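See structure below.
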There are 2 protein chains.
Amino acid sequence: MASKAIPSETQRAKLERKERAILEAARTIFVNHGFDGARMQEIARRAGIGEGTIYSYYDSKAELMLAVLQQFWDGLTLEAEDVMAAEQATDFFGRLRALAHYHLNTVIVNADFINLTFALRRNNSEVSVSRDHLRHYVAVFDRLFLRGQDRGELRADAVLWQARDIFYGSLEYSARSIEMTMEADRSTRDQQPVVDDMVALFRAHYGAHPEGEAADGTTLAALSRQIEQLTEKVDTLASRLS
Amino acid sequence: MASKAIPSETQRAKLERKERAILEAARTIFVNHGFDGARMQEIARRAGIGEGTIYSYYDSKAELMLAVLQQFWDGLTLEAEDVMAAEQATDFFGRLRALAHYHLNTVIVNADFINLTFALRRNNSEVSVSRDHLRHYVAVFDRLFLRGQDRGELRADAVLWQARDIFYGSLEYSARSIEMTMEADRSTRDQQPVVDDMVALFRAHYGAHPEGEAADGTTLAALSRQIEQLTEKVDTLASRLS
DNA sequence: AAGGCTAATTGAATAGCACTCGATATTATC
DNA sequence: GATAATATCGAGTGCTATTCAATTAGCCTT
């Protein structure tokens, strides 16, 4: 992609500065015009370089956008980790609330980037790269959840990836719903019910309820789960018989 | 778009046949190559017509794909309604299970179409149309949920759109996870835990727990009985299979 | 500091594509 | 069967990402 030889420090610094300029310009143009609407010429002009020069830094328009997205997601990951580090609550549900709040707000505010990320889901070869960055991002949730299980706050038999999908899937859809209902007003107010609901959901469905003492609902939930599984088994067997 | 005058029946039939041929060809090409990868020339060739003719049926490539997607989503909506109509269970959770099962399987099998739908989320003007079709599709869930509330099976204070986002958001993310883990094997087996989890989640989080009448022990006893019966059924069926 | 070598930069030329449009064929109407 | 209306066609148009031969800038040696 870049140079092979090792230029002097000043030269390297210059290249890096130029690369940052390209990335910065590309980000602006992509966000404003979308992938197809963005013109390489305009990106070049904004970065103060020739059109062809971009191609000695990035092989294609798609790869350039991928770099923009990577930078974006890496930033989000750091932010999310900061949020978790700064959170005073030590129990799972308090921390989950903080993460949900941060994530929902982020998804709403950076809707452009999120859309761009999914817009790139066409060229199969490149999808995988951005998938890595998503994985890296959601690892924040994974750590939190596993820690909750270790400390006995969550059911030990809960499946991590299912919980993760519920968390991020629900929040993304909710974000879209919120965006739709209020296009202009970006206050934090309306996000609160969604966050509350998410925490309550995790408490009700994944919260560990010590068996001996337990409230009523808990045991009921456990039994309900058992019923679900059995019902399913019956269906499967019945269909196999017919 | 199409003709303004009213041609004879045979002529109209001919046009409609041709339109279907275009749609059919477009669907194949779009699914195989994605939106950008699809060539109008190839679609025309496959439909057995000239390239320019497409444009007397559809104004642009995007609109052609939109037509394909509309047809797809309309079909899904009908199927989902059929699934609900055919479902024997009358209680909310049984029906929810059927819908979850259908939706998850559909999303996995038709992943191409789902991706295409989101790929089109760039041209704002056209998004709205595909949004209408999504709305129409998810109405199946809405009706089910509201009925559940009416019958007192679900908490009355639950918010419909939040529940909807949780349902479809989680299932979409789960579908992606499932796709990733097993690229070749498309058995129904692995979807079961996700469906079970979803139903259990709704039961735990949205299920109404009759506070007044039933004492703790009663409810537990009822569930326990249900489990016993189901276990018996499983045994019977299993033995009949071997 | 001059010359030579390598790497970086450039923008005009290339190529690929959606879409247009005048010409042609087909159908409808009298 | 003549004529008008409509449908079809595919070679051309215009717009862009991408390439590449020529040019420039940076660095090292003597």
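Quick note on labels: first sequence line is chain A, next is B, and so on, each numbered from 1. Keep in mind it's a predicted model, so treat the numbers as computed, not measured.
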How would you label the contact of B/Ala38 with the nucleic acid (heavy atoms, under 4.0 Å): base, sugar-phosphate, or nothing?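 The answer is sugar-phosphate, as B/Ala38 gets under 4.0 Å only of primed atoms, P, OP1 or OP2.
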Roughly how many Å is it from [atom1] in [X] to [atom2] in [N], rounded to a whole number?
X	N	atom1	atom2	result
A/Tyr55	C/dT14	OH	C1'	13 Å
B/Arg17	D/dA7	CZ	P	15 Å
A/Ile49	D/dA25	CD1	C1'	16 Å
A/Glu63	D/dA17	CD	P	16 Å
B/Arg45	C/dC17	CZ	P	12 Å
B/Met40	C/dG16	CE	C1'	15 Å
A/Met65	D/dA17	CE	C1'	15 Å
B/Lys61	C/dG16	NZ	P	15 Å

Does the A/Ser177 side chain pair with the main chain of A/Tyr173, one donor and one acceptor, at a distance under 3.5 Å? yes
Donor-acceptor check, side chain of A/Lys18 to backbone of A/Ala47, threshold 3.5 angstrom: yes or no? no
Look at [X] and [N] and indicate whether a side-chain polar atom (N or O) is within less than 4.0 Å of OP1 or OP2.
X	N	answer
A/Arg39	D/dA17	yes
B/Lys18	D/dT8	yes
B/Tyr57	D/dA7	no
A/Thr53	C/dT10	yes

Salt bridge (charged side-chain N to carboxylate O under 4.0 Å, His left out) pairs, two or more places apart, involving residues 95-111 of chain A: A/Arg97-A/Asp196
For B/His136 and B/Thr77, work out which heavy atoms get closest and say how close. O-CG2, 3.9 Å
